[in-house]
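Sequential numbering from 1 along the given sequence is applied to the chain's residues. Every value quoted in this text rests on a predicted model; they were computed, and no experiment measured them.
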Amino acid sequence: MALLANPLILSSCSIRKFNPLILSQRRFLINVSSRLSYFRTRLFSVSASKNDVFTSPEVAKSFDFDWEERIYNWWDSQGYFKPNMDQGGEPFVISMPPPNVTGSLHMGHAMFVTLEDIMVRYHRMKGRPTVWIPGTDHAGIATQLVVERMLASEGIKRADLDRDEFVNHVWKWKEKYGGTITKQIKRLGASCDWSREHFTLDERLSRAVIEAFVRLHEKGLIYQGSYMVNWSPNLQTAVSDLEVEYSEEPGALYHIKYRVAGGSREDFLTIATTRPETLFGDTAIAVNPEDERYAKYVGCQAIVPMTYGRHIPIIADKYVDKEFGTGVLKISPGHDHNDYLLARKIGLPILNVMNKDGTLNEVAGLYCGLDRFEAREKLWKDLTETGLAVKKEPHTLRVPRSQRGGEIIEPLVSKQWFVTMEALAEKALHSVETGDLTIIPDRFEKIYNHWLSNIKDWCISRQLWWGHRIPVWYIVGRDCEEEYIVARSPDEALQKAQQKYGKDAEIYQDPDVLDTWFSSSLWPFSTLGWPDVSDEDFKKFYPTTMLETGHDILFFWVARMVMMGIEFTGNVPFRYVYLHGLIRDSQGRKMSKTLGNVIDPVDTIKEFGTDALRFTLALGTAGQDLNLSTERLSANKAFTNKLWNAGKFVLQNLPNQSDNNAWETLRAYKFDKEESLLMLRLPECWVVSKLHMLIDQVTTSYDKFYFGDVARETYDFFWGDFADWYIEASKARLYQAEDNSVSSAAKAVLLYVFENILKILHPFMPFVTEALWQAIPHQKVPLIVSSWPKSSLPVYSNVIKRFENFQALTKAIRNVRAEYSVEPVKRISATIVANPDVLQYISEERDVLALLSKLDLQALRFAESLPEDANQSVHLVASEGLEAYLPLADMVDISAELQRLHKRLLKMEGEYKGIKARLGSPKHNNGEWSGISRQFVGVFAVKRIVVGR
């Protein structure tokens, strides 16, 4: 759409009230000239169009959630998500935890997007150059699984393709479906700089991954070896600890006899195991050295069942739990993590009985080729027939399953690539000790320190085709364990091989890829141009400011980023780590498809709006799990509506946009000086003082990352102070005041307070606040790039105390009206009694008091002593030194009230006689006396009222 040369040129339609948002059938579109320095003051071009961006509360009953995407696209098109380096100051930089490219939005994503966007929008408004770097992770295992399933549905198996063909299929899938999660993140309002979006398999990031591997290998921190890993038989790859999920499942405990070599038929040890098929890999039997039952067998040999008499030693070790099972432990170092560590400690051999596909190998003898679970059943049957089976009993198992494929993970010794972690961990530990890195909340420092202090070497190789190929090449015809080359490219590898082994040397690359977490550990600096440290982004924005993520990946991702950042750049990759909790259902249960309690963010947005969802998620506390319910979402949807309606009220009471004199008068009011506040009447001075207190409180909370406090404090102020009290009080100024200056001051206060509320809430609720902001005439810049409210503005505590007295008086009168069921429209008389000082400021607001308390303004009296009709009035004590007398005759028909009370008295006197009879009975107890005493009080109270009349 062409930009208008004059920002105030309108379409030829008739407009009764000049508002830049109400054009052509009361609809409008704001166009902003796309200047490079977009944070500077902009002139708004206005044009009538069907494709509106913003809609005013003056023409819309409520905020329509369909407008959110329109507003988001407008922000993005104007470049507001990019950093404005003209502002100067230290940049605020945050890297988005890259979601899997295969993913769809879940509440965990919604949580991190909300919290990170709150930080980004706040610091953008604070005037800092702000960069939020988005991107996605190639998710090796997850993506390969998805594509394999897709191909299988077409009748194609991965085994039918070569590596390049399969990888091409994955890239095609990524191009077609990989943008789903990005679109959904945008739907949440994420104000990322999308021009800096990255994918972990991008050319630049891939170069960084290879460089990191090469450098670590050159320092001797990467090595190849055979060690215990988590093996996925279906995926045919090692998986990380994070990709293993444990579940409580019903199983069995198998009790098996191991005969003692050279002993009698009575000499045997009974072991209890949940995985009998691994006995073929046993290399010892262990008992506790303090267990007297088996002391005589320590040092002897045991015969492994069904192995044709293979002998293994019987040893003593404190590792064995005397109380578990029979107190005898079979040691299978090739198939149990703890057994593996014990075997390495004491020098036991390691036997592997399993193939990579989960079938048993030749070590299992007759059971070779059987699936592990088939072998378990056949073995137990054979043990039973040979008399070596003692019993099989039900037992709850803690089963390790693949997070991706769902199959049971097999601990297996496998040849893999590893990173030596101890030296890297020491530096990461030191960064927290020195304060270079701050973890929020700080209780997670202990967990961080414990993990790094007990860190194991990291298995970084995966037996997949999708991912970063390990930059290792082997020499054809030579031992690949001893002769290999690490290089940055195939050409460099070949050149090195030929230099060392001759010009005829041939090479082939390691088929494995790197663990996805390896590339993710470089994310904060690889996305900024590393290893090119001369890159402008790297120089300007590294180290980054903040890393926000879930506390459940503190070890697997956060700690590794810290280690890699220090190793490769000499600096921690971020100054702060903010850890959020998990999102659970309303009953505190983890969300799962099995329980049927999953809340879909996309559906939630459609029903409640993005702003309500974000506000709900932000109410949590750092590190604490959040229980999410539709009740909370509904309440915050109501909050959005309340905000919209408040905006409607404010806008309806502002001058026409064309009334320049009125707008100059409004904008001339300044509330940042003490003298300006002193000129305001009580309600105005009170609400402005409360606003200034709120600004100081929430700014401090924002800076300390106490986002839940910001949300609650702002909610309470807006709803409890501004909407419920000041808006209602302002109606006395707007509709009843004869003095135009009083009305004008009220309008200025309404505008000032409401604009600042929008600013404070914008990081939480960006869409509705921007729409309301744009509806206010004469805004120079959009809310997203407006300035944050100033702090340390004047506050009058004595005014706040005075208005609290005023509120207490109003509430007391309202309560009495409700108690006596006075009709809402009925005005009653009242006499306010107080000392001269209190009377002065209360009486000055008689119009407001009469409006809020539904009093008859002509019959409202102020006095320092009791009124003549005090004995026929309801006496209220609002606060110390402030009382009110409300004539009973104004509120009720006295004769009818006396008749009602008389009937009540007769009824209660009957109850009274019954109570006396019960008191005379020896059977009454203390519990009865408590209820009886309350009834006595009621009888006497009613009797006093009737007798008094």
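Tyr177 does not carry Lys172 over the face of its six-membered ring by the limits of under 6.0 Å from the centre and within 45° of the normal. Note that Lys446 lies outside the cation-pi zone of Trp451, set by a 6.0 Å cut-off to the ring centre and a 45° limit from the axis. Because its NZ or CZ atom is both nearer than 6.0 Å to the ring centre of Trp75 and within 45° of the ring axis, Arg121 counts as a cation-pi partner of that residue.
Between Ile222 and Phe213 the shortest side-chain heavy-atom distance falls below 4.5 Å. The shortest distance between side-chain heavy atoms of Leu582 and Arg584 falls below 4.5 Å. Using a 4.5 Å heavy-atom threshold, the side chains of Gln184 and Val602 count as touching. Annotation: side chain of His468 is not in contact with side chain of Phe518 (no heavy-atom distance under 4.5 Å). Taking the side chain as every heavy atom from C-beta outward, Thr438 and Arg575 never approach each other to under 4.5 Å. Counting heavy atoms from C-beta outward, Gln774 and Val53 have side chains that stay 4.5 Å or more apart. A heavy-atom distance below 4.5 Å is not found between the side chains of Met125 and Tyr702.
Salt bridge absent: Asp193 and Lys82 never bring a charged side-chain N and a carboxylate O closer than 4.0 Å. Salt-bridge annotation for Asp611 and Lys637: absent, with no side-chain N of the basic residue lying under 4.0 Å from a carboxylate O of the acidic one. Salt-bridge annotation for Arg215 and Glu211: present, with a side-chain N of the basic residue lying under 4.0 Å from a carboxylate O of the acidic one. The pair Lys427-Asp436 does not count as a salt bridge, with every side-chain nitrogen at least 4.0 angstrom from each carboxylate oxygen. A salt bridge is defined here as a Lys NZ or Arg NE, NH1 or NH2 lying under 4.0 Å from an Asp or Glu carboxylate O, and Asp585 with Lys590 fails to meet this definition.
For the pairing with Phe707, the ring-ring contact (aromatic ring centres under 6.0 Å, His included) check across Tyr578, Phe615, Tyr122 returns one residue only, Tyr578.
The CD1 atom of Ile141 sits 6.5 Å away from atom OG1 of Thr516, with the distance rounded to the nearest 0.5 Å. Here the straight-line distance linking atom OH of Tyr542 with atom CG of Leu528 works out to 8.5 Å at 0.5 Å rounding. For the atom pair Lys186 NZ and Ser191 OG, the distance stands at 12.5 Å (nearest 0.5 Å).
Centroid-to-centroid, the aromatic rings of Phe112 and His580 stay 6.0 Å apart or farther. Between Trp74 and Tyr80, the distance separating the two ring centers is shorter than 6.0 angstrom. Annotation: Phe54 is not in aromatic contact with Trp773 [ring centroid separation under 6.0 Å not met]. Between Tyr448 and Phe444, the distance separating the two ring centers is not shorter than 6.0 angstrom. Checked against the 6.0 Å centroid threshold, Phe608 and Phe65 do not count as a close aromatic pair.
Note on ring orientation: taking the six-membered ring where Trp is involved, the planes of Trp517 and Trp557 are tilted (angle from 30° to 60°). Between Phe767 and Tyr72, the two ring planes are tilted [angle within 30° to 60°].
Using modelled atom types, one side-chain atom of Thr544 and one backbone atom of Pro573 make a donor-acceptor pair closer than 3.5 Å. Between the Trp530 side chain and the Leu522 main chain, no donor and acceptor come within less than 3.5 Å of each other.
Around OH of Tyr715, the count of heavy atoms belonging to other residues, nucleotides or ligands within 6.0 Å exceeds 12. Counting heavy atoms of neighbouring residues, nucleotides and ligands inside a 6.0 Å radius, atom OH of Tyr706 does not exceed 12 of them.
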